[in-house]
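In what follows, a structure is listed as C-alpha cells, so that the remarks can point back to it.
As the structure is a computational prediction, the values presented were derived from the model and not from experiment.
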Amino acid sequence: MLRFTTAGESHGSALISILEGMPAGLPLEAADINVELARRQQGYGRGRRMQIERDAVEFVSGVRAGETIGAPIAMLIRNQDWANWQEIMDPAPRPEDSVDSRKQARARAVTRVRPGHADLTGLLKYDRDDARDILERASARETTARVAAGAICKRFLGEFGVRVASHLVHLGGVDARRPLLLPDDINAVADASRVRTLDPDAEREMIARIDAAKEAGNTLGGICEVVVSGLPVGLGSHVSWDRKLDGRLGAAMLSIPAVKGVEIGLGFEAARRTGADVHDEIAPAPARARAGNVRRATNNAGGLEGGMTSGELLVVRVAMKPISTLMRPLGTVDVATGESAVAVAERSDVTAVPAMGVIAEAMAAFVLAQAWLEKFGGDSLGEVRRNVDGYVSHISTRFGG
C-alpha cells in the first residue's frame with residue numbers, strides 16, 4: 001500500500017515527508033525532487049517568503065546509491081526562515097517564573113483570527129488561546145512536503161511513460177484559451193509563463209489583475225488543469241465507493257489548502273447538456289494497446305469512466321479560492337477579548353494559483369501511483385514492469401489487436 005505523511009510547521013525548523021510503499025530499484029536523486037520544489041516556488045504574485053526559502057530535500061532513509069531500496073523514504077526540507085522564528089516557535093517550555101520569558105512566548109500571538117482560514121475553527125476545536133498553534137500547520141507551506149512525495153511518484157510513473165502536467169486556465173476573473181492541441185510537453189510551456197498559462201494574451205491580463213489586487217491589499221483565486229497522459233485502461237475500480245479513482249482524485253485535490261472545487265472532464269458543464277452531447281463515442285483503434293485497441297472520439301469524461309481510467313487523457317480541473325490573508329484585513333473577533341476587530345495581516349501571497357497547479361500534479365501523481373501499484377503489484381521496479389507488460393500484452397489482443 002503506497003502512502004505518505006508529512007510533518008512540520010510553516011515557521012518551524014523543517015518539513016518532513018515520508019513515502020512508504022515505493023518499490024525497490026527506482027532510480028532516484030535529490031535533483032529529481034528539487035526541480036519540483038523549485039517549480040512550486042515560482043509564479044507571479046508570490047510573497048516574500050519565496051525569496052527567503054531555497055527548498056531542497058535531504059534523504060534520511062529509503063534511498064541508497066541512487067536507488068530506492070523498498071524501505072520508507074524519509075525526506076527533510078529545512079526552513080531557512082527558522083532563524084527568524086526560532087524564539088517564537090521554540091518547542092521547549094518557558095520558565096513560569098520569568099516575566100520576560102512569558103512575554104517572549106506570546107510574541108506574534110494571533111488572536112485576531114482571519115475569515116476563511118483555519119484560525120478560529122481550529123482554535124476552538126483544539127482549545128487553544130493563540131491561533132498560531134493552528135495556522136502554522138494549516139499553512140500551505142505544508143504542501144512543500146507533499147510535492148516532495150509527489151515528485152517520487154512522478155518519477156515512478158515516468159518509468160512507464162506516464163506524464164503528469166498542469167497549466168492555469170483561469171485567474172482573477174480572466175479565462176485562458178485552452179489550445180485545441182495541447183503541447184507535447186505541457187509543463188515546459190507552462191513553466192515558461194510567469195503565471196503558468198498556455199495563453200500569452202491571458203497572461204498579460206492576469207498579471208495586470210495581480211498588480212491591481214496587490215495595490216488594493218486584496219488576493220485572487222483561480223483554476224488549474226491537470227493533464228495526465230500514458231495511463232492504461234483499468235486503474236481504479238467500479239466495485240466499491242472508496243476504490244473509484246475519480247472519488248480518490250477529488251479527495252486528494254480538495255485536501256489542498258484553499259481548494260474548493262474539482263471537475264473531471266466536462267465537470268459541471270455535463271449537467272447542462274444532453275446525453276448525446278456528453279458521452280464519448282467509441283471506435284476501433286488497433287494501435288492503441290494501453291486503451292484496449294479503442295479510441296474515444298471526444299474526451300468529455302476526462303479519461304475516467306465508472307471510476308476507472310479509460311486509456312484517454314486524464315483531465316482534472318482544480319479551483320482555488322483567494323488566499324485568506326489580506327493586507328487590508330476583513331472584520332473579525334479578537335478571541336482574547338471577544339470584541340470586534342480587524343483580522344491579523346502577516347506577509348502572504350497575492351495569489352498562489354500557479355503553485356497550486358504544481359501541488360495538484362503531486363497529489364494526482366500520488367493517487368495514480370497508488371492505483372498503479374494496487375493494479376500491478378510488485379516489490380521491485382522490475383517486478384512491476386513485468387506485471388505491466390503482461391497486462392498490456394493481454395489487452396492488446398482484444399478487439400482485433
Side-chain angles (χ1 to χ4, degrees), residues 6-13 15 45-53 79-94 96 98-144 172 209-222 254-260 320-353 355-356:
T6 71
E9 285 81 42
S10 179
H11 295 101
S13 61
L15 298 166
R46 303 301 302 277
R48 285 180 293 139
R49 180 72 185 272
M50 293 302 98
Q51 300 170 15
I52 297 172
E53 303 296 343
N79 284 326
Q80 300 301 313
D81 208 15
W82 167 244
N84 302 316
W85 289 78
Q86 190 166 354
E87 291 299 318
I88 297 160
M89 296 298 294
D90 189 351
R94 300 283 180 177
E96 289 296 326
S98 170
V99 174
D100 290 339
S101 293
R102 288 200 302 272
K103 287 182 179 178
Q104 182 62 44
R106 291 192 298 269
R108 300 197 193 182
V110 175
T111 60
R112 293 177 289 120
V113 291
R114 292 165 294 176
H117 206 281
D119 295 354
L120 179 57
T121 50
L123 181 146
L124 293 171
K125 174 180 172 63
Y126 289 96
D127 194 21
R128 311 308 296 164
D129 296 321
D130 180 357
R132 187 163 300 285
D133 292 345
I134 307 303
L135 67 89
E136 285 288 332
R137 178 61 182 170
S139 167
R141 177 71 182 154
E142 178 268 344
T143 62
T144 308
R209 297 284 179 98
I210 293 170
D211 289 341
K214 183 176 182 179
E215 181 69 23
N218 213 339
T219 58
L220 299 175
L254 287 166
S255 75
I256 299 171
V259 166
K260 286 295 188 179
M320 183 184 197
K321 70 176 182 178
I323 292 168
S324 53
T325 301
L326 277 64
M327 292 302 102
R328 293 186 181 176
L330 301 174
T332 189
V333 171
D334 189 328
V335 296
T337 65
E339 301 293 327
S340 296
V342 293
V344 67
E346 293 187 336
R347 71 181 175 206
S348 181
D349 303 330
V350 177
T351 185
V353 180
M356 186 268 289

request  = Keeping the roles fixed (side chain from Asp334, backbone from Ala336), state whether a donor-acceptor pair exists under 3.5 Å.
outcome  = yes
Got a donor-acceptor contact below 3.5 angstrom from the Asp119 side chain to the Ala131 backbone?
-> no
Do [X] and [Y] come within less than 4.5 Å of each other through their side chains, counting heavy atoms only?
X      : Y      : result
Pro115 : Leu330 : yes
Trp82  : His11  : no
Leu15  : Arg141 : yes
Val335 : Val113 : yes
Thr325 : Met327 : yes
Arg112 : Val342 : yes
Pro257 : Thr143 : yes
Tyr126 : Ile134 : yes

Show the nearest heavy-atom pair for residues [X] and [Y], with the distance to one decimal.
X      : Y      : value
Val353 : Gly221 : CG2-C, 3.5 Å
Leu220 : Gly172 : CD2-CA, 4.1 Å
Val344 : Val110 : CG1-CG1, 3.7 Å

From the list Thr351, Leu326, Ile210, side chain to side chain contact (heavy atoms under 4.5 Å, CB included) partner of Thr219 resolves to Leu326
Within this structure, what is the [atom1]-[atom2] distance for the pair [X] and [Y], rounded to the nearest 0.5 Å?
X      : Y      : atom1 : atom2 : result
Asp90  : Ser13  : CG    : OG    : 10.0 Å
Arg108 : Ile88  : CZ    : CD1   : 4.0 Å
Asp133 : Glu9   : CG    : CD    : 9.0 Å
Met356 : Asp349 : CE    : CG    : 12.5 Å

Q: Might you work through the side chain to side chain contact (heavy atoms under 4.5 Å, CB included) test for His117 and Leu135, ending with a clear yes or no?
A: CA-CA 8 Å; His117 206 281; Leu135 67 89; 3.9 Å; yes
Stepwise side chain to side chain donor-acceptor pair (under 3.5 Å) check, Thr6 with Arg137: CA-CA 10 Å; Thr6 71; Arg137 178 61 182 170; 2.9 Å; yes
Does atom CG of Asp129 have more than 12 heavy-atom neighbours, drawn from other residues, nucleotides or ligands, at distances under 6.0 Å? no
| said: A quick test of your reading: do over 12 heavy atoms of other residues, nucleotides or ligands sit less than 6.0 Å from NZ of Lys321? | reply: yes
Exercise: do Ser10 and Arg132 side chains pair donor with acceptor under 3.5 Å: no
Exercise for the section: Indicate whether any N or O donor in one side chain lies under 3.5 Å from an N or O acceptor in the other, for Arg114 and Thr332. Expected result: no
Contacts of Ser255 meeting side-chain hydrogen bond (donor to acceptor under 3.5 Å, both in side chains) (sequence neighbours excluded), chain-then-number -> Arg146
